[in-house]
J.: 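Before anything else, here's the structure in question.
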Amino acid sequence: MSVRTNARGAATALAAAAVLGAFLVGCTSVSTSQGPGDDVPHVAPSVNASAMAKAADDASAAKSASDEASAEAEAAEVAGNTPEAVRDAFAGLQATLNDNCTPGSANCAYFLGRVNDELARLDKAMKADAQGPGRFKEPLARISALRTTLNGDTSTANLEKHRSELIGTRDRINTWMQGHPEDYR
């Protein structure tokens, strides 16, 4: 919402500057009955007209940019509220399939944390699925059992301690999902 507010404020300021510029350009054509004074250079009317047209075009472009920025901000806001598709969350989990780690190794904390995060993402997507979470009873039950085992502790030490359960859950869910492609495509 603040992006929209900032974009509108910037567009308003730009439009005000364009109008002020148009007025200032118009002031240079001031003349008296004897013509412009000696200290005012003579400006042809066509120059003033083109300057005013340019200022109006600039103001129009600023308004268009502001409207476009507002539309993009609203689209991003709507996209942020849309639940993730199960197929997208499952793709993230599948990206971990050929990976493994040895407890205590440098990448093990990252790997186990990622598998845990991908399972949480899949859990959220399955629960938010338009056809209801009943389509995914078995995978949701496996994720729930893993959550019970982890007892809310996602520290590296606890994830390493339950490494086989974490990787086993990932592998069993992958097998189930591969056997039910109509449920997530």
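In what follows, every heavy atom counts, from backbone to side chain, and hydrogens, waters and symmetry copies are set aside. These figures come from a predicted structure and were not determined experimentally.
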J.: Within the 3.5 Å criterion, strictly below it, is a donor on R147 or N116 matched to an acceptor on the partner's side chain?
T.: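 Yes, side-chain donor-acceptor contact under 3.5 Å.
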
J.: Answer yes or no: is there a donor N or O on one side and an acceptor on the other, between the side chain of R172 and the main chain of R142, under 3.5 Å?
T.: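 Judged by distance alone, no pair lies under 3.5 Å.
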
J.: Give a yes or no answer on whether the side chain of T148 reaches the backbone of S144 with a donor-acceptor pair at less than 3.5 Å.
T.: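 Such a contact is found between T148 side chain and S144 backbone.
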
J.: Indicate the atoms forming the closest heavy-atom contact of R135 with W176, along with that distance.
T.: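 In this case the closest contact between R135 and W176 is O-CH2, 3.4 Å.
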
J.: Any sub-3.5 Å donor-acceptor pair from R170's side-chain atoms to E118's backbone N or O?
T.: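 Looks like no, no N/O pair under 3.5 Å.
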
J.: Identify the residue among L140, I143, D123, L146 that makes a side chain to side chain contact (heavy atoms under 4.5 Å, CB included) with I173.
T.: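 Per the side chain to side chain contact (heavy atoms under 4.5 Å, CB included) rule, the option paired with I173 is I143, out of L140, I143, D123, L146.
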
J.: Taking the side chain from D153 and the backbone from S155, do they hold a donor-acceptor pair closer than 3.5 Å?
T.: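 Answer holds: yes.
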
J.: Restricting to non-hydrogen atoms, name the atom on L93 and the atom on V115 that form the minimum distance, rounded to 0.1 Å.
T.: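 That would be CD1-O, 4.4 Å.
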
J.: Between L150 and E165, is there a side-chain heavy-atom distance shorter than 4.5 Å?
T.: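 Not in contact.
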
J.: How close do A89 and E84 get, heavy atom to heavy atom, and via which atoms?
T.: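 Looks like N-OE2, 3.7 Å.
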
J.: For A125 and V86, which heavy atoms make the closest approach, and how far apart are they?
T.: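 Looking at all heavy atoms of both residues, the shortest contact is O-CG2, 3.6 Å.
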
J.: Could you tell me which non-hydrogen atom of T149 sits nearest to which non-hydrogen atom of H162, and how far apart they are?
T.: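 Looks like CG2-ND1, 3.4 Å.
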
J.: Rounded to the nearest 0.5 Å, what's the gap from CG on D171 to CG on L97? Could you check?
T.: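 Output value for this atom pair is 6.5 Å.
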
J.: List the residues meeting side chain to side chain contact (heavy atoms under 4.5 Å, CB included) with A85, not counting sequence neighbours, and say none if there are none.
T.: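 Per chain and number, A85 pairs via side chain to side chain contact (heavy atoms under 4.5 Å, CB included) with R87, D88.
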
J.: Look up atom CD in E160 and atom CG in N158, then write down how far apart they are to the nearest 0.5 Å.
T.: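 Answer rounded to 0.5 Å: 10.0 Å.
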
J.: Shortest non-hydrogen contact from T96 to F111?
T.: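 Looking at all heavy atoms of both residues, the closest pair is O-CE1, 3.9 Å.
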
